[in-house]
Each structure stands twice: as structure tokens, then as C-alpha cells.
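Working notes, structure below.
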Amino acid sequence: MLQRLLGHLRAFKPAYMAYNFLHRRRLRHNEALYRRYGLRQPIYSSISSADFREAAPGESPRFDRADSARLAPTLPGFAEFDEATQQQILQWSEKGYLVLRGLFTAAEVATINAEVAQLIDKGEADWNARQVKIMFAIRQSEAIRRIVAKRELERVLDFLLGKKAHVFQSINFLRGSEQLAHSDSIHMTTYPLGYLVAAWIALEPVTAENGPVFYYPGSHRLPYVLNGDFPHGGSHFLIGDQAYQHYEQAIEAVIARENTPAEELHAQPGDVLIWHANLLHGGRPIRRAGSTRRSMVLHYFAQDDVVCYHEITQRPALL
Ligand SMILES: O=C(O)CCC(=O)C(=O)O
């Protein structure tokens with residue numbers, strides 16, 4: 001009953017606007033950006049890609065404009081990465097993902113797992129509505145926050161975006177997500193497009209059995225699928241209640257049309273997968289019933305010059 005009421009409230013745009021108004025300090029950075037890009041609505045209003053149709057142009061990320069295989073070696077900072085990382089960065093523009101094996105130590109992984117277990121035991125874990133994801137553990141655990149702010153990781157993220165990456169969100173999973181294919185840009189979107197990046201960390205061995213992450217290499221170069229590209233539904237006041245299902249169907253159609261094979265990541269604890277804002281990815285079904293697949297995903301927005309918002313729910317992102 002309460003969940004249904006919250007669901008209705010979440011679909012009601014004026015409720016969000018009132019919430020945003022109360023939290024407008026966390027949106028203040030958008031004032032200068034709205035002026036710069038020519039957006040006329042107040043910073044606490046709803047926002048979606050439709051509002052940017054007439055916006056002043058912005059520059060897309062450097063490795064969307066030019067191939068990282070050619071451009072990256074000419075840029076400051078590249079020579080300081082180890083050779084394995086350099087090789088991964090070179091393939092970024094073509095594939096839209098990269099893998100950093102063993103970036104986190106066994107001790108760091110054990111600490112993250114222990115901290116998450118403690119949040120659950122104490123009843124403090126911020127579970128999402130379907131009780132699958134634990135949201136924002138980085139806000140609650142100083143130890144997790146410190147571990148994931150690893151310089152080697154941040155240097156790669158900053159280099160890929162060509163701007164300072166700012167961690168926006170963390171999600172912890174105890175089991176495979178079994179999520180259908182999607183691009184993060186339907187949830188966390190930027191203007192100009194492409195200034196989001198995700199880092200997924202394996203917190204236990206991941207095989208074909210426990211629901212690995214899968215992705216479509218190169219799919220980040222396909223056109224972004226945004227609200228105007230599927231029957232989003234809704235109205236001036238409401239978000240369409242079937243919007244996300246319709247989005248998933250639109251993505252299934254893209255995948256069927258493109259007919260390119262997916263890859264999946266089998267990983268050891270501490271391995272990191274980084275994916276592009278528009279890479280199509282999801283979680284494979286769990287084949288071994290009851291198996292766990294502890295993992296953590298962090299989403300980063302570029303810190304400067306970029307409007308960050310949530311396309312599907314048409315909300316500005318509170319930073
Ligand atoms: O961990 C997974 O299975 C997928 C996570 C995911 O798709 C996401 O965070 O966007």
C-alpha cells in the first residue's frame with residue numbers, strides 16, 4: 001500500500017519539483033550552466049533531453065570525438081599509466097569499456113564486504129524498493145568511501161572523461177542484478193551527452209553461474225535512446241507509468257537490429273570494469289540458484305561544464 005502510494009508520488013512531477021525546491025542548494029551549480037546553454041526553466045523544474053533541443057551546443061567527450069587509440073598517447077598523463085592500463089585505454093573509443101584486473105586488493109575487497117554486511121546487520125542499508133540494490137553505501141561508510149577513492153581508478157576516469165570525475169552514486173549488489181540491457185544514460189544523463197562513466201567492482205568471483213555483467217562492445221556509438229525515442233507516456237504533470245518497460249523494449253529492438261554478440265565479464269575479486277555512458281549492458285540470469293555475486297558499481301559525472309539529470313524521471317540530479 002505504502003509502496004503503491006510512493007510509486008504514485010514518484011510519478012507526479014510537481015512532487016519532485018517541490019522536493020528539488022527544498023534542496024535547491026544542491027542544484028545551484030546549474031544556474032550558470034542553464035544560462036550558458038540557454039535553458040529558461042528554474043533549476044528545480046523537471047528537465048529532460050527535450051529541453052535541450054534548442055540549447056547552445058556543447059563539446060562532447062574527447063574520446064567520442066576522436067579515437068582514443070590515436071589521441072590518448074598524445075595527451076598528458078597517458079605515459080604515467082602502466083602498460084596494461086594504456087592498452088585498455090587505447091580500446092576505449094572502439095569498445096566503450098575497459099577492464100582493470102586486480103585494481104583493489106583482497107584486503108580492500110574484504111573491508112568493503114564487511115562494511116556492507118554491517119550496514120545490513122544494523123538495519124541501516126538503504127535498499128531500493130525491490131530490495132535488490134543497496135544505494136549510497138559510500139555516504140554511510142567512511143571506509144568504503146576511502147577505498148573506492150583510489151587514485152589509480154580516479155586517474156583513469158578523469159582521463160577518459162577529459163574532466164574531473166565526481167562520484168555521484170554507489171550501488172551494492174549481493175546477487176546478480178539480472179537487469180535487462182540498458183544504457184546508464186536513460187537513468188543518469190548529461191548535456192552534452194556522454195559525460196558519465198561507471199566503475200563496477202567485483203567483490204567475489206564472478207562466473208557464468210552467478211549472473212555476470214554482460215555488454216555489447218561498441219554499442220556506446222549507437223544513437224542514444226532517450227524519452228523521445230520510445231512511447232514514454234505521461235503528461236505535463238506525470239511520468240508515464242510504463243516508461244521504463246517501453247524503454248527496455250526499444251533497447252531489445254536495437255539489439256535485435258544490430259545483431260552484434262554480447263560479451264560477459266568473468267572476474268576475480270578486485271577486478272574493475274569501466275563502461276561508457278551509452279554502453280548497452282545488463283546482468284545475465286543467475287544459473288546457480290541461491291548463488292551470491294557481491295559487487296559494487298559507482299557512477300561518476302564530469303564535475304564541470306555539464307548539466308546532469310535523470311532522463312527517464314525528468315529530474316535534475318542533486319549533486
Ligand atoms: O551489476 C549488474 O549486474 C549490472 C549493473 C548495472 O547495470 C548498472 O549499475 O547500471
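Each ligand, and each atom within it, is numbered from 1 in the order the structure gives. All of these numbers come straight from a predicted model, not from anything done at the bench.
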Exercise. When the ring centroid of His187 is compared with that of His299, is the distance short of 6.0 Å?
Worked result: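 For His187 and His299, the ring centres are not under 6.0 Å apart.
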Please report which non-hydrogen protein atom sits nearest to [atom], along with the residue it belongs to and the distance in Å to one decimal place.
| atom | result |
| --- | --- |
| atom 5 (C) of ligand 1 | Gln179 OE1, 3.8 Å |
| atom 8 (C) of ligand 1 | His281 NE2, 3.7 Å |
| atom 9 (O) of ligand 1 | Val297 CG1, 3.5 Å |

salt_bridge([X], [Y]) N-O dist < 4.0 Å:
| X | Y | value |
| --- | --- | --- |
| Arg36 | Asp305 | yes |
| Lys163 | Asp304 | no |
| Glu108 | Lys150 | yes |

Contact with ligand 1 for [X], non-hydrogen, under 4.0 angstrom:
| X | answer |
| --- | --- |
| Glu178 | no |
| Arg293 | yes |
| His299 | yes |

For this session: Can you label the angle between the Tyr247 ring and the Phe230 ring as parallel, tilted or perpendicular, going by 30° and 60°?
Result: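 The arrangement is perpendicular - the two ring planes meet at more than 60°.
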For this session: Over 60° means perpendicular and under 30° means parallel, so classify the ring planes of Tyr191 and Tyr37, tilted if in between.
Result: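 The rings of Tyr37 and Tyr191 stand perpendicular, inter-plane angle above 60°.
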Need the ligand 1 atom indices (1-based, order shown) with element for anything under 4.0 Å from a heavy-atom of [X].
| X | value |
| --- | --- |
| Asp184 | 10 (O) |
| Gly283 | 3 (O) |
| Val213 | 1 (O), 2 (C), 3 (O) |
| Trp200 | 1 (O) |

Problem set entry | Shared hydrophobic cluster for Leu160 and Leu75 (ILVMFWY, side-chain gaps under 4.5 Å) |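 Yes, same cluster.
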Exercise. Heavy-atom distance to atom 3 (O) of ligand 1: which of Gly282, Ser183, Ser177 wins?
Worked result: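 It is Ser177 whose heavy atom sits nearest to atom 3 (O) of ligand 1.
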Exercise. Are any side-chain N or O atoms of Thr189 and backbone N or O atoms of His310, one a donor and one an acceptor, separated by less than 3.5 Å?
Worked result: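 No; zero donor-acceptor contacts below 3.5 Å.
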Exercise. Are the side chain of Arg175 and the backbone of Arg293 linked by a donor-acceptor contact shorter than 3.5 Å?
Worked result: no
Seminar exercise, completed: Contact region, His187 to ligand 1, non-hydrogen atoms below 4.0 Å, reads neither
Exercise. Do any nitrogen or oxygen atoms of Trp275 lie less than 3.5 angstrom from nitrogen or oxygen atoms of ligand 1?
Worked result: no
